[in-house]
Amino acid sequence: AQRVTQPEKLLSVFKGAPVELKCNYSYSGSPELFWYVQYSRQRLQLLLRHISRESIKGFTADLNKGETSFHLKKPFAQEEDSAMYYCALQNTGTASKLTFGTGTRLQVTL
Amino acid sequence: EAEVAQSPRYKITEKSQAVAFWCDPISGHATLYWYRQILGQGPELLVQFQDESVVDDSQLPKDRFSAERLKGVDSTLKIQPAELGDSAMYLCASSLVGAGGHNEQFFGPGTRLTVL
């Protein structure tokens, strides 16, 4: 069974401080991992995926298979980063099921 | 920009009543998903359609929940009878291709259900 764990419900940081949102996963195969974000009063949307190896809005995430982690990082937090962040794992079977973590609320304060 | 549409946005009902939610995916998206999100948790997949066929409904409580996508376009999720524990946000999402593929899922605004 696949499982995603986000240990922090709330992460509060000051503007300009580094951010790291933790995500650990459990999956027997080769995982595909994503970060989704939901800003206030907006829809859930894709932030980034590990296979793209891209930086979106200054965020990056590296898949560490040894530690089964996919932490989301940003060197300098901005107020507009305040949102709910969900880590998600997609299986690689015939049905591309997404399994979400419980989410972490990031609060960036001045 | 094309978006996933859902209605109603809010629904309040009494337990044992029937409720139905509607979803219109982005045009051309073959795969449609229904998720349930209980307060404080992440979305949980209830059912996944590839065109008009169900490819995963392993987490759908089939004694009271049903879902259909008759023409492979829009979809309806029904609960009958509703129970107090069904209070949640019901999210619909769609993607271009689902089976075995790697495609971004686009989410609708959700329907917030409250069962009294």
Side-chain angles (χ1 to χ4, degrees), chain A residues 1-10 21-27 29-54 56 63 70 72 83-105, chain B residues 1-7 9-10 23-26 29-51 53-60 67 88-112:
Chain A
Q2 56 197 64
R3 188 171 184 169
V4 176
T5 302
Q6 294 180 251
E8 302 143 328
K9 282 197 174 298
L10 173 67
L21 298 169
K22 296 189 187 313
C23 172
N24 288 89
Y25 67 90
S26 172
Y27 183 58
S30 185
E32 296 187 16
L33 287 149
F34 307 81
W35 277 97
Y36 277 78
V37 61
Q38 188 166 25
Y39 300 102
S40 180
R41 302 183 192 283
Q42 294 188 27
R43 302 166 183 227
L44 192 59
Q45 59 186 284
L46 179 66
L47 178 64
L48 58 77
R49 65 190 81 184
H50 89 272
I51 63 167
S52 300
R53 295 183 167 274
E54 56 195 347
I56 303 293
L63 177 60
F70 187 57
L72 184 67
M84 195 74 184
Y85 291 80
Y86 294 94
C87 182
L89 181 153
Q90 183 179 38
N91 65 12
T92 51
T94 53
S96 55
K97 176 178 178 177
L98 264 183
T99 298
F100 287 86
T102 52
T104 298
R105 179 168 298 283
Chain B
E1 185 177 323
E3 292 184 326
V4 175
Q6 288 187 249
S7 68
R9 295 292 305 276
Y10 303 91
C23 172
D24 191 13
I26 293 173
H29 280 196
T31 311
L32 185 146
Y33 312 80
W34 282 102
Y35 291 88
R36 176 172 59 186
Q37 185 173 21
I38 295 170
L39 193 63
Q41 298 184 21
E44 176 193 26
L45 181 70
L46 290 175
V47 62
Q48 177 180 339
F49 289 92
Q50 184 71 27
D51 298 309
S53 301
V54 173
V55 295
D56 188 344
D57 63 357
S58 56
Q59 300 302 310
L60 188 71
M89 178 73 85
Y90 290 82
L91 296 168
C92 179
S94 70
S95 67
L96 204 53
V97 174
H102 173 70
N103 289 274
E104 179 178 353
Q105 293 187 24
F106 294 84
F107 284 80
T111 296
R112 182 166 295 285

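Below, chain A is the first sequence line, B the second, and so on; all start at residue 1. None of the values given here were measured: they were computed from a predicted structure.
A:Arg43 contributes no side-chain N or O that, together with a main-chain N or O of B:Glu3, makes up a donor-acceptor pair within less than 3.5 Å.
Inter-residue side-chain proximity for B:Pro43 and A:Tyr86 is flagged as met; some heavy-atom pair is nearer than 4.5 Å.
Distance CD/B:Gln37 to OG1/A:Thr102: 10.5 Å, rounded to 0.5 Å. Here OG of B:Ser95 is found 11.5 Å from CG of A:Leu46. Values are rounded to the nearest 0.5 Å.
Annotation for A:Leu10: atom CG counts as buried by contact number, over 12 foreign heavy atoms lying within 6.0 Å.
Within the 4.5 angstrom heavy-atom criterion, only side-chain atoms of B:Tyr35, from C-beta onward, approach chain A. Proximity to chain A (any heavy atom under 4.5 Å) is shown, for B:Gln6, by neither the backbone nor the side chain. Interface residue B:Gln105: backbone and side-chain heavy atoms are both found under 4.5 Å from chain A.
In plain terms, the two heavy atoms of B:Gly40 and A:Lys9 that are nearest each other are O-NZ, 3.6 Å.
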